[in-house]
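Shown next, in structure tokens, is the structure this report addresses.
Naming: A, B, ... by sequence-line order, numbering from 1 per chain.
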Amino acid sequence: MENRNFIRTIIEEDLRTGKHAFPITRFPPEPNGFLHLGHARAILMNYHLAIEYGGYFNLRFDDTNPVKEDLIFVEGMKEDIAWLGCDWKNVLFASDYFEEMYQRAMLLVTKGLAYVCDLTPDEIKDYRGDLTSPGKDSPYRNRSIDENTALFAAMRNGEFKDGEKVLRAKIDMASPNMNLRDPIIYRIQRAYHHNTKNQWCIYPMYDFAHPLEDAIEGITHSLCSLEFEDHRPIYDWFVKHCEMPKVPRQIEFGKLIIANQITGKRHIRKLVEDGVVEGWDDPRLITLSGLRRRGIPPKAIENFIKALGLPKSQGETEIEMFYEYVRDYLSVEARRIHGVIDPIKVVITNYPENHVESLEAPFHRDNEALGTRTVNFGKVLYIEREDFIETKPNKKWKRLSLGEEVRLMHAYFIKAMQVIYDDNGEVLEVHCTYDDKTKSGSGFNDRKPNGTIHFVEASTAQEVEIRLFENLLLEENDRNAPIEERLNPNSKVVRKGYIEGNVKPKSSEAFQFTRLGYFALDQDSKEDNLVFNRVVELKSSYKIKK
RNA sequence: UGGGCUAUGGCCAAGUGGUUAAGGCAUCGGACUUUGACUCCGACAUCGGUGGUUCGAAUCCACCUAGCCCAGCCA
């Protein structure tokens with residue numbers, strides 16, 4: 001099931017040569033938003049690669065920018081990651097290392113490899129040059145080590161205003177790699193930090209902080225996405241010149257992008273504000289919290305991610321592939337019950353009035369461990385509207401129609417005798433007869449029914465709310481149109497339906513409603529008002545032939 | 001236009017000089033079926049292009065083309 005990948009090859013090589021005894025990885029999110037399916041690749045791959053090769057995995061919050069970060073995001077992320085089944089060895093924060101980072105930066109200063117720069121942001125931008133022309137040295141680039149030492153200490157002590165000065169690495173203003181044009185290491189920013197409170201008024205920048213965090217933790221393989229490829233030289237530069245005892249290796253891979261899904265923070269925020277979606281955990285979103293609420297099993301996410309592998313190229317994966325892994329998992333694990341979403345009434349004319357009998361039925365034909373339940377049968381039933389048509393259209397029709405006999409799953413054969421229509425010409429009732437010799441499990445084999453359909457006994461059925469979801473965005477004609485113009489008006493449809501009476505659903509358990517799809521209880525459910533989300537539909541090879 | 005990276009069937013993805021070019025998703029046939037599900041069989045590519053090296057190349061070289069990333073005191 002699991003693809004080979006180039007990172008595996010690297011790790012195996014490092015183990016073989018004795019460079020490392022075991023791998024140590026980490027997932028380093030900035031706590032400034034919500035995790036989505038795309039992040040699951042980084043989380044699961046970091047975790048499983050470490051565990052599989054006998055190492056361990058850390059969760060580290062990269063909280064070096066207090067104005068964007070918040071504790072509520074760290075709690076949410078921990079919940080999502082734990083839900084995916086990734087047990088971190090340590091929960092760490094970049095901010096735990098602020099003192100050491102400061103000391104390492106000071107080391108750079110004393111080695112003449114970093115300097116305090118007084119240029120304004122605009123000037124810095126100016127001096128940086130652009131993609132095709134080299135930058136110019138800052139006039140402050142050649143301050144003495146003593147002066148820089150004093151100035152950097154003064155920055156820490158709060159002697160300057162926000163933004164007044166920065167500490168920069170002295171590398172090469174003419175480098176064709178923009179990241180090497182004397183990158184900023186520290187900025188002055190008086191902001192409350194969720195972890196260090198008001199202890200610091202200077203904060204390290206990503207390019208400086210990240211390699212040190214990895215090195216401090218002894219991370220062996222530091223996985224990140226492709227856009228950091230040209231940061232690798234600077235990553236290595238800081239590890240080396242800061243004299244870090246342990247040397248991590250940055251390896252870049254392609255992010256997981258799911259086609260035609262909304263994952264951008266500002267986009268989702270707008271959908272929430274506009275009321276298109278009900279929150280960050282709306283089941284139509286592919287945020288981890290949304291998938292969880294919808295009823296997607298985390299193991300299905302893991303299987304999907306492992307099947308995708310870890311490429312160095314960047315593609316877009318179709319959401320259908322993900323859904324297939326959800327079905328694949330649920331097909332084995334989910335209990336089956338009968339549910340009817342668009343009911344029509346079936347009256348069994350030769351069945352006694354006011355009588356309901358109980359029939360035993362397995363929850364899963366091929367998985368006995370899931371046990372059995374009793375299914376009620378009586379004179380009045382509900383079947384799915386689309387399972388009946390007055391005149392059998394062709395030999396392929398494997399459902400109910402006048403004069404045809406079908407099996408009601410786990411019950412009896414019934415034959416349709418008469419249709420009652422309402423004033424609008426809609427089918428109101430189908431009158432049928434049943435044959436008591438055909439009871440399920442009796443071994444009756446004299447006739448073959450025209451297919452098998454499911455049903456719910458009306459008097460004992462539980463009425464439930466069912467939420468049917470479709471993709472938030474319509475299949476793209478022009479993918480560049482604004483999101484508001486691409487929204488699917490039917491992304492959420494709420495229906496009243498019925499499920500069989502003797503099953504008490506447990507929260508967050510996904511059921512298969514036989515022949516319809518997988519459904520799981522939503523958190524909005526109440527004792528007397530069960531609410532189901534459709535997790536995924538079942539596949540169907542049924543084609544309407546003209 | 002400077003630098004970095006990528007390019008294998010509709011989608012994802014193995015493959016690193018000699019294989020019938022893995023596998024998954026999708027699709028199309030067919031078998032089975034108390035779910036038109038599941039399961040099971042079968043079909044489905046010559047590797048962005050062009051030259052070259054080689055007995056032999058998706059794998060090496062050259063040139064070309066296309067796409068992505070980089071000019072935050074964001075990560």
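With a cut-off of 3.5 Å on both pairing distances, rC73(B) has no Watson-Crick or G-U wobble partner at all. Look at rA13(B): it lacks any Watson-Crick or wobble partner with both distances under 3.5 angstrom. Pairing of rA31(B), defined by two Watson-Crick or G-U wobble distances under 3.5 Å, is identified with rU39(B). Judged by Watson-Crick or G-U wobble contacts below 3.5 Å, the nucleotide rA66(B) has rU6(B) as its partner. In a base pair of the Watson-Crick type (N1 to N3 plus N6-O4 or O6-N4) or a G-U wobble (N1-O2 and O6-N3), with each distance short of 3.5 Å, rU59(B) is matched with no nucleotide. When Watson-Crick and G-U wobble pairs are counted only if both distances are under 3.5 Å, rU19(B) pairs with no nucleotide at all.
Between the CZ atom of F6(A) and the C1' atom of rU16(B) there is a distance of 14 Å, rounded to whole Å. Atoms CD (Q250(A)) and C1' (rC5(B)) sit 13 Å apart, rounded to a whole Å. To the nearest angstrom, P of rC25(B) lies 22 Å from CG of N260(A). Rounded to whole Å, atom P of rA75(B) lies 7 Å from atom CG of D62(A). Taking atom CD1 on I301(A) and atom P on rG24(B), their separation rounds to 22 Å, with Å as the unit. Straight-line distance from the CD1 atom of I234(A) to the P atom of rG4(B): 16 Å, rounded to whole Å. The distance between atom CZ of F73(A) and atom C1' of rA75(B), rounded to the nearest whole Å, is 14 Å.
Remark: the separation of the C1' atoms in rU53(B) and rC63(B) is 15 Å, to the nearest Å. Comparing rA43(B) with rC60(B), their P atoms are spaced 31 Å from each other, to the whole Å. Of the C1' atoms belonging to rG56(B) and rC38(B), the separation is 46 Å, rounded to the nearest Å. Spacing of C1' atoms, rC32(B) relative to rG42(B), comes out at 15 Å, to the nearest Å. Atom name C1', nucleotides rC47(B) and rA31(B): the rounded distance is 34 Å, in whole Å. Between the C1' atoms of rA13(B) and rA22(B), the separation comes to 10 Å (whole Å). To the nearest whole angstrom, the two C1' atoms, one in rG52(B) and one in rA57(B), are 12 Å apart. Nucleotides rA71(B) and rU27(B) have their P atoms positioned 42 Å apart, rounded to a whole Å.
The nucleotide whose nearest atom lies closest to any side-chain atom of N65(A) is, among rA14(B), rC74(B), rC11(B), rC74(B). Residue P311(A) has its side chain nearest to rA13(B) when only rU34(B), rA13(B), rA75(B) are considered. Among the nucleotides rC69(B), rA14(B), rA13(B), the one closest to the side chain of N5(A) is rA14(B). Closest to the R187(A) side chain, of the nucleotides rC5(B), rU6(B), rC74(B), is rC74(B). The side chain of M205(A) lies closest to rC73(B) when the candidates are rC73(B), rU34(B), rC12(B).
Salt-bridge annotation for E12(A) and R16(A): absent, with no side-chain N of the basic residue lying under 4.0 Å from a carboxylate O of the acidic one. Ion pairing of E320(A) with R327(A) is present here, as a side-chain N (NZ or NE/NH1/NH2) and a carboxylate O approach within less than 4.0 Å.
Aromatic ring centres of Y186(A) and F152(A) lie closer together than 6.0 Å. Less than 6.0 angstrom separates the ring centroid of Y206(A) from the ring centroid of F228(A). Ring centroids of F98(A) and Y203(A) are separated by less than 6.0 Å, placing the two rings close together. Aromatic rings from F455(A) and H338(A) are positioned such that their centres are separated by under 6.0 Å. Here F93(A) and H194(A) bring their ring centres to under 6.0 angstrom of each other.
Of the candidates I11(A), L310(A), I10(A), I251(A) forms a side-chain contact (heavy atoms from CB on, under 4.5 Å) with just one, namely I10(A).
F322(A) comes within contact range of no nucleotide atom at all, as no heavy-atom separation falls under 4.0 Å. Residue-level contact check: L310(A) touches the backbone only, with heavy atoms under 4.0 Å from sugar-phosphate atoms and none from bases. If you check every strand for non-hydrogen atoms under 4.0 Å, E30(A) touches sugar and phosphate atoms only. As judged by a 4.0 angstrom heavy-atom cut-off over every strand, S175(A) is placed among residues making no nucleic acid contact. Across all strands shown, H454(A) has no heavy atoms under 4.0 Å from either base or sugar-phosphate atoms.
For the pair G163(A) and P176(A), nearest-nucleotide mapping onto RNA chain B gives the more 5' position to P176(A). Comparing Q314(A) and P121(A) against RNA chain B, the residue whose closest nucleotide sits nearer the 5' end is Q314(A).
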Using residues 407-415 of chain A as the side-chain source, report each donor-acceptor pair under 3.5 Å to any protein atom, sequence neighbours left out, with the distance given to one decimal.
{"unit_1": "Y412(A)", "atom_1": "OH", "unit_2": "E357(A)", "atom_2": "OE1", "d": "2.9"}
{"unit_1": "Y412(A)", "atom_1": "OH", "unit_2": "E357(A)", "atom_2": "OE2", "d": "2.9"}

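Of the residues in residues 123-135 of chain A, those placing a heavy atom less than 4.0 Å from an atom of RNA chain B are I124(A), K125(A), R128(A), G129(A), D130(A), L131(A), T132(A), in numerical order.
Across every non-hydrogen atom of R373(A) and I337(A), the tightest pair is NH2-CA, 3.6 Å. Listed here is the closest heavy atom pair of P204(A) and R187(A): O-NH1, 2.8 Å.
Base orientation of rG51(B): anti, the glycosidic angle falling outside 90° of 0.
For rA75(B), the OP1/OP2 oxygens have a side-chain nitrogen or oxygen of T64(A) closer than 4.0 Å.
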Is there any protein nitrogen or oxygen under 3.5 Å from a nitrogen or oxygen in nucleotides 35-39 of chain B, and what are the pairs?
{"unit_1": "rU35(B)", "atom_1": "OP2", "unit_2": "R365(A)", "atom_2": "NH1", "d": "2.9"}
{"unit_1": "rU35(B)", "atom_1": "O2", "unit_2": "Q512(A)", "atom_2": "OE1", "d": "2.4"}
{"unit_1": "rU35(B)", "atom_1": "O2", "unit_2": "R515(A)", "atom_2": "N", "d": "3.0"}
{"unit_1": "rU35(B)", "atom_1": "N3", "unit_2": "Q512(A)", "atom_2": "OE1", "d": "2.7"}
{"unit_1": "rU35(B)", "atom_1": "O4", "unit_2": "R336(A)", "atom_2": "NH1", "d": "2.0"}
{"unit_1": "rG36(B)", "atom_1": "OP1", "unit_2": "R515(A)", "atom_2": "NH1", "d": "3.4"}
{"unit_1": "rG36(B)", "atom_1": "OP2", "unit_2": "T452(A)", "atom_2": "O", "d": "3.4"}
{"unit_1": "rG36(B)", "atom_1": "O3'", "unit_2": "S541(A)", "atom_2": "OG", "d": "3.3"}
{"unit_1": "rG36(B)", "atom_1": "O2'", "unit_2": "S541(A)", "atom_2": "N", "d": "3.2"}
{"unit_1": "rG36(B)", "atom_1": "O2'", "unit_2": "S541(A)", "atom_2": "OG", "d": "2.9"}
{"unit_1": "rG36(B)", "atom_1": "O2'", "unit_2": "Y542(A)", "atom_2": "N", "d": "3.1"}
{"unit_1": "rG36(B)", "atom_1": "N7", "unit_2": "R399(A)", "atom_2": "NE", "d": "3.0"}
{"unit_1": "rG36(B)", "atom_1": "N7", "unit_2": "R399(A)", "atom_2": "NH2", "d": "2.9"}
{"unit_1": "rG36(B)", "atom_1": "O6", "unit_2": "K398(A)", "atom_2": "N", "d": "3.4"}
{"unit_1": "rG36(B)", "atom_1": "O6", "unit_2": "R399(A)", "atom_2": "NE", "d": "3.2"}
{"unit_1": "rG36(B)", "atom_1": "N1", "unit_2": "K396(A)", "atom_2": "O", "d": "2.7"}
{"unit_1": "rG36(B)", "atom_1": "N2", "unit_2": "K396(A)", "atom_2": "O", "d": "2.8"}
{"unit_1": "rA37(B)", "atom_1": "OP1", "unit_2": "S541(A)", "atom_2": "N", "d": "3.4"}
{"unit_1": "rA37(B)", "atom_1": "OP1", "unit_2": "S541(A)", "atom_2": "OG", "d": "2.7"}
{"unit_1": "rA37(B)", "atom_1": "N6", "unit_2": "R365(A)", "atom_2": "NH1", "d": "3.4"}
{"unit_1": "rC38(B)", "atom_1": "OP1", "unit_2": "K539(A)", "atom_2": "NZ", "d": "3.1"}

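When atom types are taken as modelled, the side chain of S175(A) and the backbone of D172(A) share no donor-acceptor pair closer than 3.5 angstrom. At least one donor-acceptor pair closer than 3.5 Å links the side chain of D63(A) to the backbone N or O of A94(A).
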